[in-house]
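Note sheet for the following structure.
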Amino acid sequence: MKKFMNDPEHFVDEMIEGILAAHPDKLAYAADDLRCIIKAGNKKKGKVGIATGGGSGHLPLFLGYVGEGLLDGCAVGGVFQSPSADQMLEVTKAIDSGAGVLYIYGNYGGDIMNFDMAAEMAEMEDIKVQQVVAGEDVASAPKGEEGKRRGVAGIFFVYKIAGAMADALASLEEVKRVAQKACAHVRTMGVALTPCIVPEVGRPSFTIGDNEMEIGMGIHGEPGIHRGPLLKSDEIIDQIMKRILEDLPYKKGDEVSVLVNGLGATPKEELYILYRKVQQILKKEGISVYNTYIGEFATSMEMAGASVSLLKLDDELKRLLSSQASSPFFAQFQL
Amino acid sequence: MKKFMNDPEHFVDEMIEGILAAHPDKLAYAADDLRCIIKAGNKKKGKVGIATGGGSGHLPLFLGYVGEGLLDGCAVGGVFQSPSADQMLEVTKAIDSGAGVLYIYGNYGGDIMNFDMAAEMAEMEDIKVQQVVAGEDVASAPKGEEGKRRGVAGIFFVYKIAGAMADALASLEEVKRVAQKACAHVRTMGVALTPCIVPEVGRPSFTIGDNEMEIGMGIHGEPGIHRGPLLKSDEIIDQIMKRILEDLPYKKGDEVSVLVNGLGATPKEELYILYRKVQQILKKEGISVYNTYIGEFATSMEMAGASVSLLKLDDELKRLLSSQASSPFFAQFQL
Amino acid sequence: MERLNIEDIRSIVRNLKIKMDAKRDYLIELDSAMGDGDLGITMSKAFTAAKDEAERSAEILPGKLLIKLGMAMAKAAPSTMGTLMATGYMRGGKAIGDIESLGTGELAGFMDAFVNGILERGKSKPGNKTIIDTLYPAAQSLLQAQRNNKSLKEGIAEAYTAANRGMEESNQMKAQHGRAAYYQDSSIGKQDAGATVGLLFIEVLYEYCR
Amino acid sequence: MERLNIEDIRSIVRNLKIKMDAKRDYLIELDSAMGDGDLGITMSKAFTAAKDEAERSAEILPGKLLIKLGMAMAKAAPSTMGTLMATGYMRGGKAIGDIESLGTGELAGFMDAFVNGILERGKSKPGNKTIIDTLYPAAQSLLQAQRNNKSLKEGIAEAYTAANRGMEESNQMKAQHGRAAYYQDSSIGKQDAGATVGLLFIEVLYEYCR
Ligand SMILES: Nc1ncnc2c1ncn2[C@@H]1O[C@H](COP(=O)(O)OP(=O)(O)O)[C@@H](O)[C@H]1O
Ligand SMILES: Nc1ncnc2c1ncn2[C@@H]1O[C@H](COP(=O)(O)OP(=O)(O)O)[C@@H](O)[C@H]1O
Ligand SMILES: [Mg+2]
Ligand SMILES: [Mg+2]
Ligand SMILES: [Mg+2]
Ligand SMILES: [Mg+2]
C-alpha cells in the first residue's frame with residue numbers, strides 16, 4: 001500500500017490538521033473537534049447555514065466545498081465512514097445564525113441515520129433544520145426507484161446552487177427548494193478501472209482484472225452494472241451517455257452544465273479525452289453546453305476512473321450556477 | 001495499461017480537442033495546428049506575450065497556464081516530447097503584439113534546442129524574443145551546478161510572477177527580470193512511488209518495488225538521489241525539506257509561498273498530510289508562510305508521488321503572486 | 001447465574017470487545033463482499049469505546065450504563081452498524097428503567113426495545129437481510145422464554161439457537177438496505193455481515209451465561 | 001556503386017525507415033535505461049516523415065532534398081534526437097550545395113556539416129556519450145578516405161568500422177547531456193541510445209553500398 005502517511009489511524013486527523021494549517025484564514029473548526037469544519041470568520045446575519053458531511057477519502061468532497069457562496073460547515077467522518085450525529089449537531093450549532101440550517105448529503109445509510117439523529121437533536125435545541133438527500137447515480141437503481149440511488153459527484157451542483165441561493169439570503173424553504181430542484185435535474189454515471197485502499201484496512205476492498213473496467217461502480221466500490229474488458233474511451237462514453245440521457249431524459253433543445261469527474265488516479269488528459277466524446281454526443285442530440293467542470297470533484301482516493309454528470313439548466317439554476325464562489329478547493333469567477 | 005483513450009497515437013490530439021471543446025471562450029489555436037494553443041480573444045496592445053511549451057502528460061502543465069494574468073500561448077508536444085520549433089514559432093507569431101515575446105520553459109535538452117531554433121526563426125521575422133529556462137529541482141544537480149537542474153513544478157511560480165508583470169504592461173526586459181528572479185528564488189524536490197505509462201509505449205519506462213519510493217525522481221522518471229523502502233510521510237518530508245532549505249538557503253525571517261504538488265495518482269488527502277509536516281518544519285525554522293498551493297500543478301499522468309516547492313518572497317514577488325489570475329485549469333482571486 | 005448485575009454487564013461488554021477484535025478480519029471480509037469492508041474496524045472501535053466507557057463509568061444502574069455505552073458507541077463508530085448498535089443500546093437501556101439486575105424478563109424487554117430501536121432508525125423490517133434477522137428471532141425467543149418462565153441460562157440458550165437459525169435463513173434473503181442492496185439478486189446465498197454481528201452479540205451472551 | 005544520386009538517397013531514406021522500425025523496441029529499451037524510453041518511437045516517426053517527404057518531393061538536387069527531409073523530421077519528431085537529426089540533415093544538405101550526386105568527397109562534406117550542426121545545436125563535443133561519438137569518427141574517417149582517394153564503397157566501409165569502434169568507446173564514457181546525464185557515473189558501461197542511432201545510420205549506408 002503506497003500512501004504518504006504516518007500511522008493509518010491518524011490519517012484523517014493529520015489530513016485535517018494539514019488542511020487547517022494551509023488555509024487558516026478560510027477554515028476553522030467547532031466544539032474543539034477537528035472533524036467539525038466550519039467557514040472561518042463571522043457568520044452572515046440572516047443567512048441560512050448549509051451543512052454537509054460524509055466519509056473522508058473523497059476530497060474535495062465534502063469539506064472542500066465549505067467556502068464563500070458554497071457551504072458553511074461539514075462534519076468529517078473517517079475514511080468512507082459517516083461522521084457522528086454529535087459532530088453534525090456541533091456543526092449545526094456553529095453555523096446557525098437564526099435562519100435555520102439545511103443539510104445536504106449523499107444517499108448512504110450511515111449518513112442518513114446520523115443526520116436524522118442530528119436533526120432530531122438540533123430541533124430539541126430550537127434550530128430549524130431541513131434535509132436534502134442527493135442521489136443521482138443512474139447505475140445504482142433503475143428509473144422509478146430514484147430514492148434508492150447513491151449520491152456521487154453530481155452533489156457538487158447541489159452545493160453550488162444551494163450555496164448561491166443561501167448567499168442571496170433566501171429563506172430555508174427557498175434554499176431547500178432549489179437544492180431539490182438541482183437534485184432532480186442532475187444525473188451521473190461512472191466507470192472504475194482500479195480499486196483503492198482504505199488506510200486502516202490496508203488492502204483493496206475489491207479487485208478488478210488487469211484489463212477490466214466496471215461501468216456504474218460507486219465511489220466506495222459499490223457494484224456497477226457491467227464488468228468487462230476495458231473498452232476504447234469513446235465506447236465507454238457512448239454507454240454512459242446513453243443511460244444518462246434517457247434517464248431524466250435530457251432532450252433536444254435542453255441546455256446543460258457538464259461535469260467530468262476524475263476518481264483520483266485518472267489524469268486530466270484522459271478526462272478531456274472523455275469530454276471530447278461527451279460533447280460530440282450532446283451536439284448530435286441537439287443539447288447545448290452552458291459550461292463545463294472537468295477535474296476532480298468527488299474522488300475515491302487513488303481509484304482510477306471517472307464519472308460524467310449532467311445538470312439540466314433553467315434560468316434560475318443558470319443564474320445560481322454562474323455566481324462567484326470560492327473555497328480552498330474550488331474557485332469560480334462569475335460566469 | 002488502464003487508460004481512458006482510443007488510439008494511443010491520437011492521445012494528445014484528442015486531449016486537445018477535448019480541452020478546446022470544453023473551453024471555447026478561453027482557448028484557441030493558431031496556424032491551423034491544434035498544438036499551437038493561444039488565449040482566445042483579442043491581444044492586449046503593448047503587452048509582452050509569454051509563451052511556453054513542453055511535452056504532454058503533465059497537465060495542468062503546460063497549456064493549463066494559458067489564461068488571464070498568466071501565459072498567452074503554449075506549443076504542445078507529444079507525451080513527454082518537445083513540441084517542434086515550427087510550432088513554437090507559430091505561437092510566437094500569434095501572441096506577439098509588438099512588445100516582444102518571452103519564452104519560459106523547463107530545462108530539458110529537446111525543449112531548449114527547439115526553443116533556440118524558434119527564437120532564431122522569430123528574430124528573422126523581427127519579433128523580439130527573450131528566454132528564461134526554469135530549473136529548480138535540487139535533486140537533479142548539486143549546488144554550484146544550478147544550470148543543470150531540471151525544471152519541475154516550481155515553474156508554476158515563474159509563470160504566475162511573469163504573467164502578472166506582463167499583465168501590468170511591463171517591458172520585455174522587466175518581465176524577463178522578474179521571471180529570472182522567481183527562478184532564482186524557487187527550489188523543489190519530489191518523491192515518486194510508482195511509474196507511469198506513455199500511451200504509445202504501453203508499459204512503464206521504469207519499475208519501482210512494491211514497498212519502495214525514490215526521493216528526488218524527476219517528472220519523467222529521471223533518477224533521484226535515493227531509492228529505498230517507503231518511509232512514513234513525516235520522515236520523507238524531513239529529508240526533502242532539509243535539502244530544499246539548505247540549498248537556497250531559506251533562513252529564519254524569510255517569508256515563502258509553498259507549493260505541494262501531486263504527481264497524478266496521489267490523492268489530495270495525502271498532499272495535506274505532507275503539508276502538515278512542511279508547515280511544522282517551517283514554523284520551527286522561523287520561516288513564515290504567506291500562502292499555499294496544494295494540488296496538482298505539474299503531473300506525470302498517473303504517477304503516484306509528490307513534490308514540495310518553496311518560493312522566497314520579497315515585496316515585488318509577493319505583489320505579483322497575489323494578483324488575480326485565471327485559466328481553465330487555475331483560478332486565483334486577488335489575495 | 002440467575003440474573004445479570006452491573007458487573008456482569010461490564011464483563012459482557014469486555015467479552016464483546018474481545019470477540020469483535022477476534023472477528024475483525026472475518027467481518028472485514030464479509031463486508032467487503034457486499035459492502036465497503038469496514039465492519040471489522042467499526043465494530044472493534046465501537047466495542048472498544050463501549051468497554052472503555054463501562055470501565056470509566058461509576059454508574060450502578062444497568063439501564064443508565066447501557067444508555068451511556070450507546071452514546072459512546074455513537075461517537076466512536078458512526079457507521080451504519082455502529083449507529084444502529086448505539087441506538088439499540090440507548091433504547092434498550094431506557095426500556096429497562098431503574099432495575100438493578102436483569103433476569104429473563106428484563107433481558108427480553110431490553111432486547112425487544114433494542115430491536116425496535118434499530119427497526120425505527122434503519123426504517124427496515126425483518127426479512128431484509130440485516131442485523132435484524134439474527135436479533136429479532138433472538139428477542140422473540142427471549143419473550144417466549146419469559147412467558148414460559150424459563151431461567152436466564154435456558155432463555156439465552158434458546159435465543160442463541162434462534163439467532164443461529166435466523167443467520168441461516170438470512171443467507172437466503174435478498175438484501176434491501178445499505179450497500180448490500182446494490183447487489184440485488186446476487187446477494188442471495190451470501191452471508192450478511194450485519195446479521196453476523198447480531199449473531200456474535202448473542203453468542204457472547206450465551207458464552208457468558210453458559 | 002561509385003556515386004549516390006537522388007534516387008539512391010530516396011532508397012537510403014526508405015531503408016533508414018525500415019531499419020528504425022525494426023529497431024524500435026531495441027531503442028526504446030536502451031532509452032528507457034537512461035532516458036525516457038521514447039527514442040524508438042521518435043526515430044520511427046522521424047524517418048517515416050523523411051521517407052514520406054522523399055517520396056512526395058519532386059526535388060532533383062540531393063542537397064535540396066536533404067534539407068527538406070530535415071525540415072520534415074523537425075516537425076514530425078521534435079525530441080532531442082529528432083531535432084539533432086533534423087539539424088544534421090539541414091546543415092549537411094546545405095553544405096553539399098547544388099551537386100547532382102555524391103562521391104566520397106561530397107559524402108564526407110555532408111557528414112562533416114551534419115556532425116557540426118549537431119555539435120552546435122546540442123552545445124556538446126565528442127566524448128560526452130552522445131550520438132556524436134559514433135557519427136564524428138565516421139565523418140572523420142570519410143574525410144580521411146577522401147584525402148586517400150578511396151572509393152565510396154571503401155570509404156563507407158571504413159566509416160562503418162570507425163562508427164563501430166566509436167560505439168564501443170562510448171560505452172565507457174560518462175553521459176554529460178540530456179536525461180542520461182542525471183545518471184552520472186552509473187552511465188559508465190551502459191550503451192547510449194543516441195550513439196546507437198548514429199551507428200544504425202551509418203550501418204544503413206554501409207548495407208546499401210556494400
Ligand atoms: N437500514 C438498515 N437497517 C438495519 N440494518 C442495516 C440497514 N442497512 C444496513 N444494515 C446492516 O448493516 C450492515 C453493514 O454495516 P456497516 O458496514 O456499518 O455499513 P456501512 O459501512 O455501509 O456504513 C449490513 O450487513 C446490514 O446487516
Ligand atoms: N546535447 C546533446 N548533443 C548531442 N546528443 C545529445 C545531446 N543530448 C542528448 N543527446 C543524445 O540524445 C539521446 C536521447 O535522445 P532522445 O531520446 O530523443 O532524448 P529525449 O527523449 O530526452 O528528448 C541520448 O542518448 C544522446 O545520445
Ligand atoms: Mg462504512
Ligand atoms: Mg523524449
Ligand atoms: Mg461497511
Ligand atoms: Mg528519449
Side-chain angles (χ1 to χ4, degrees), chain A residues 2-7 11-12 14-19 21-23 56-57 59-60 64 79 191 193-194 196 210-211 213 230 232-234 236 258 260 264-277 279-280 289 292 294-296 299 301-302 304 306 324 326 328-329 331-333, chain B residues 2-7 11-12 14-19 21-23 56-57 59-60 64 79 191 193-194 196 210-211 213 230 232-234 236 258 260 264-277 279-280 289 292 294-296 299 301-302 304 306 324 326 328-329 331-333:
Chain A
K2 287 196 165 176
K3 286 184 194 287
F4 291 120
M5 62 176 178
N6 298 299
D7 187 334
F11 187 87
V12 173
E14 291 187 356
M15 167 197 91
I16 298 177
E17 285 170 28
I19 290 172
H23 312 292
S56 289
L59 283 179
V79 174
V191 50
L193 304 186
T194 67
C196 64
D210 260 0
N211 284 304
M213 63 172 187
L230 179 59
K232 283 185 191 288
S233 60
D234 281 359
I236 296 172
V258 184
V260 180
T266 292
K268 277 217 168 77
E269 283 80 3
E270 298 173 30
L271 299 181
Y272 278 101
I273 291 177
L274 295 174
Y275 177 70
R276 174 181 167 274
K277 183 66 180 175
Q279 193 257 0
Q280 288 173 0
V289 176
T292 58
I294 299 177
E296 295 181 355
T299 65
M301 297 194 290
E302 73 280 10
Q324 182 171 304
S326 79
F329 293 78
Q332 172 179 300
F333 289 88
Chain B
K2 287 197 166 175
K3 288 185 195 285
F4 292 119
M5 62 176 179
N6 297 299
D7 188 335
F11 187 87
V12 172
E14 292 187 356
M15 166 195 90
I16 298 177
E17 285 170 28
I19 290 172
H23 312 292
S56 290
L59 282 179
V79 174
V191 51
L193 303 186
T194 66
C196 65
D210 259 0
N211 283 305
M213 61 171 189
L230 179 59
K232 282 182 192 285
S233 60
D234 282 0
I236 296 172
V258 184
V260 179
T266 292
K268 276 220 170 76
E269 283 79 3
E270 298 175 29
L271 299 182
Y272 277 101
I273 290 177
L274 296 174
Y275 177 70
R276 173 180 167 275
K277 183 66 180 177
Q279 193 255 1
Q280 287 173 0
V289 175
T292 57
I294 300 176
E296 294 181 355
T299 63
M301 296 194 291
E302 73 281 11
Q324 183 171 304
S326 78
F329 292 78
Q332 172 179 302
F333 289 88

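With a threshold of 4.5 angstrom between heavy atoms, A:Phe11 approaches chain B through its backbone and through its side chain. For B:Val191, the parts lying under 4.5 angstrom from a heavy atom of chain A are both the backbone and the side chain. With a threshold of 4.5 angstrom between heavy atoms, B:Leu274 approaches chain A through side-chain atoms but not through N, CA, C or O. Interface residue A:Gln324: only side-chain heavy atoms are found under 4.5 Å from chain B. Contacts of A:Ala304 with chain B are absent, with no heavy-atom separation under 4.5 Å from either backbone or side chain. In this structure, chain B has a heavy atom under 4.5 Å from the side chain of A:Gln279, while its backbone stays farther away. Of the atoms belonging to B:Ile236, it is side-chain heavy atoms, and not backbone ones, that fall under 4.5 Å from chain A. Proximity to chain B (any heavy atom under 4.5 Å) is shown, for A:Val12, by neither the backbone nor the side chain. Interface residue A:Leu230: only side-chain heavy atoms are found under 4.5 Å from chain B. Within the 4.5 angstrom heavy-atom criterion, atoms from both the backbone and the side chain of A:Leu59 approach chain B.
Between B:Tyr275 and A:Ala21, the shortest heavy-atom contact is CE2-C, 3.8 Å. The two residues A:Glu302 and B:Ala265 make their nearest non-hydrogen contact at CB-O, 3.6 Å. In this structure, A:Asn6 and B:Ile273 approach most closely via the heavy-atom pair ND2-CG2, 4.2 Å.
The backbone N or O of B:Lys3 lies less than 3.5 Å from no partner atom in the side chain of A:Glu270, so there is not a single donor-acceptor pair.
Ranking B:Thr299, B:Ile294, B:Asp210, B:Asp7 against chain A, the residue ahead of the rest is B:Asp210, based on heavy-atom pairs under 4.5 Å. The candidate from B:Lys232, B:Glu269, B:Met15, B:Lys268 with the greatest count of non-hydrogen atom pairs under 4.5 Å with chain A is B:Glu269. In terms of heavy-atom pairs under 4.5 angstrom with chain B, the leader among A:Thr266, A:Asp234, A:Thr194 is A:Asp234. Ranked by heavy-atom pairs under 4.5 Å with chain B, the list A:Gln332, A:Gln280, A:Met213 is led by A:Gln332.
Each of B:His23, B:Glu17, B:Glu14 was checked for a side chain to side chain donor-acceptor pair (under 3.5 Å) with A:Tyr272, and the lone residue meeting it is B:His23.
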